[in-house]
Protein chains: 2
Amino acid sequence: MKSKDRLPDKKSKVTVREVALLAQVSETTVSRIMRKEGSVANETRERVMNAVRELGYVPNRLAGSLASLNTNLVGVLVPSLQNIVFPEVLRGIQAGLSGSHMQAVTSVTDYDFATEESMVRGLLAWNPAAVLVTGLNHNEATSRMLRQSSGRVVEMMEVDSEPIDVAVGMFHRSAGYETARYLLQKGYRHFGYVAHDIGPDRRARLRHEGMAQALSEAGLGFIAESRAETPSSIGIGKVMTARLLERAPDVKVAIYSNDDMAVGGVFHCMEAGLSIGSDLSIFGFNGLEIGRHLPQPLSTMRSNRFLIGKTAIEQILQSPERPAEPVRIDTGFEIVEGATA
Amino acid sequence: MKSKDRLPDKKSKVTVREVALLAQVSETTVSRIMRKEGSVANETRERVMNAVRELGYVPNRLAGSLASLNTNLVGVLVPSLQNIVFPEVLRGIQAGLSGSHMQAVTSVTDYDFATEESMVRGLLAWNPAAVLVTGLNHNEATSRMLRQSSGRVVEMMEVDSEPIDVAVGMFHRSAGYETARYLLQKGYRHFGYVAHDIGPDRRARLRHEGMAQALSEAGLGFIAESRAETPSSIGIGKVMTARLLERAPDVKVAIYSNDDMAVGGVFHCMEAGLSIGSDLSIFGFNGLEIGRHLPQPLSTMRSNRFLIGKTAIEQILQSPERPAEPVRIDTGFEIVEGATA
DNA sequence: CTGTTAGCGCTTTCAG
DNA sequence: CTGAAAGCGCTAACAG
């Protein structure tokens, strides 16, 4: 053993008690100093801080939070980390959190309501200051727990229906509607739809509904739809595009459930020797970085994912209390005019 | 108010006490039942569970963990969520965790040692059963805290040097070396290097060292290097590739710091009308999904990110105690033979 | 500016 | 199989 014997013993835990003893003050004073709250004589503070350093004291938040009846925890539930969308929401959350003393606890539901329920239960057990969940749909038990929980509840990504406390996101139905309107105005008449498994993805379904409505108002509809039974990926986007064109070779523009799928469509066309924009036009959803850098920039609809995460945190930082009426914050969406549609 | 008055009052918190009172048993018994530990009469158990349901009781883990002196928390620290690499590690972690009763608390360091230090301090305050950090390099204070902490410590991603407790990952130096060897064997002699800002990215630096060594052993070296001062992205990969070729038009193969950068290189070539594989060959690192689906599949080196996360969790689940000697677990790497090099 | 006194809600012996 | 008592480590009043 080469370590100096003066190092704190790893066995014996150091608590406020040890620090107080060493610094010759009360535990309260130590606590006050650690929390940077109340006023303390400079001389005392230094004595205590020296003891803290000497002992390598780290306050136990379990005890602190239990005593003060409030944690600095924010529980976060996202459905997936498979594509870059939710990591970007998480980045927004981290950005919003930085500077605050809050800490995020993240779990992944895999788009499954039962999993969501057990994770919400697990999160609430920590008495978080807030819980951020994805979407406005949950099962009965989850909704009840969230409604009854003492902290704030933010439902992220969509504002299409009424939230429990506050919702931050966009209107997916409108996004779908505007997508179809945009393409109709560009003169397209032969529409196809390519999607991942949107069964568990209510927001993708809402967008599809909006598109269908706009088309129907124009006396049109999708000539063909090609839906996978797996989560979205570039690979499955390629496969589903091939399938769409086999089934309906006269499709002139394909709307995709999201950018990952759309990029797959772009790659399919490149390989099949199809000219994108004339043989087949492509429109995505999300506005991911990759779309901007494709040889022909992807036409798509930007969702403001980072902003959603950041705004969600700003909301809960603003007030520890729920508003009298549920609030919806629309982070909007914009058409990204690319070269593929 | 349309809610039934029989619903539990949202104001008054329910604790073991309330449940015990309603079920006519002691708090101890309630606690035992909630923890599924020790033996209880079936009749009693049912009475208690009914009370639990009626009151909507959720045990407070803060109190529980404080009393039992151990949490089911796993603290996780990753440097970034910008590209899909670390989300995939997190997926592995979640996968390893599912079925266990552990919960992950994740934070992002932004490749900054000082940030890492404060986050490690913040995590340790929750008395986690384990902490998973990225990489084997930390600042002095962080290393000390990790060494002295009571739980397990896993250092993820690399095994190039000696860990504190257990390291799970690959040898990045060897990966770089093998990359260059592979390309040398294919007959390449004019090498270029394209990178993001690898200052804070020790693993990318190790790979670069490995490449340089292999080249030097062959009496060669990089003709030109093009390094950005920003994090990796497809966009910056494009820009840096253009810059490399301006500076050194005779480069025949470019090795990239990772796949994001390499995909940018591919897109640059497509736009510039360069034939990939003959005008310029491209080699990445990571083996991301997108590379497999490019019109010409990307030649790259697969890192097993999901496996790293999953293995890290398996290690800490295996034993709550640190091994006598630090352990390194090599998750390996493999050349992915694509069409770009 | 500092200390005293009570808990926070749960788990843990240890008896019965 | 069940309960009583004694904390876990910290913070919140309230005095002084």
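By convention in this document, chain letters (A, B, ...) are assigned in the order of the sequence lines, proteins followed by strands, and residues within each chain are numbered from 1. Keep in mind that the numbers below use all heavy atoms, side chains included, and drop hydrogens, waters and symmetry copies.
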Using atom types as modelled and distance alone, determine if a side-chain donor or acceptor of B/R121 lies under 3.5 Å from a backbone N or O of A/V58.
-> no
In whole angstroms, the gap separating P of C/dC1 from CD of A/E27 amounts to 21 Å
Does a donor on one side chain and an acceptor on the other come within less than 3.5 Å for A/N139 and A/T142?
-> yes
Output the single nucleotide from C/dC10, D/dG9, C/dG3 whose closest atom is nearest the side chain of B/P59.
-> C/dC10
Within this structure, what is the CG-to-C1' distance between B/L69 and C/dT12, rounded to whole angstrom?
-> 10 Å
Taking only N and O in the side chain of A/S31, is any of them less than 4.0 Å away from OP1 or OP2 of D/dT11?
-> yes
B/T28 side-chain N/O to D/dT2 phosphate OP1/OP2 under 4.0 Å | no
In whole angstrom, what separates A/K36's NZ from D/dT11's P?
-> 12 Å
Which residue, B/N60 or B/R32, contacts DNA chain C at a nucleotide closer to its 5' end, judged by nearest heavy atom?
-> B/N60
Roughly how many Å is it from CG in B/N127 to C1' in C/dC10, rounded to a whole number?
-> 15 Å
Mind calculating the distance between CE (B/M34) and P (C/dG9) to the nearest angstrom?
-> 16 Å
Please tell me which of the listed nucleotides, C/dC10, C/dG9, D/dA12, lies nearest to the side chain of A/L66?
-> C/dG9
Would one find a side-chain N or O of B/S39 under 4.0 angstrom from OP1 or OP2 of D/dC1?
-> yes
Using a cut-off of 4.0 Å on non-hydrogen atoms, how would the nucleic acid contact of B/T44 be classed: base, sugar-phosphate, or nothing?
-> sugar-phosphate
For atom CD of A/Q24 and atom C1' of C/dT2, their distance in whole Å | 14 Å
Is A/R322 reaching over with its side chain to a backbone N or O of A/D165, donor-acceptor style, under 3.5 angstrom?
-> no
Between D/dG9, D/dA12, C/dT2, which nucleotide gets closest to the side-chain atoms of A/T29?
-> C/dT2
Salt-bridge test for B/R32 and B/E37: reply yes if a basic N is under 4.0 Å from a carboxylate O, no otherwise.
-> no
Listed nucleotide nearest any side-chain atom of B/S68, set C/dT12, D/dT11, C/dC1 = C/dT12
Take the protein atom CG of B/L62 and the nucleotide atom C1' of D/dC10, then report the distance between them rounded to whole Å.
-> 12 Å
Minimum-distance nucleotide to A/A67 side chain [options: D/dC1, D/dG9, D/dC8] = D/dG9
Would you find more than 12 non-hydrogen atoms of other residues, nucleotides or ligands less than 6.0 Å from B/R35 atom CZ?
-> yes
Along DNA chain D (nearest heavy atom to each residue), the more 5'-positioned of B/R47 and A/R35 | B/R47
Atom CZ of B/R17 and atom C1' of C/dG7 are separated, to the nearest Å, by 13 Å
Reckon A/T15 touches a base, only the sugar-phosphate, or nothing at all at heavy-atom distances under 4.0 Å?
-> sugar-phosphate
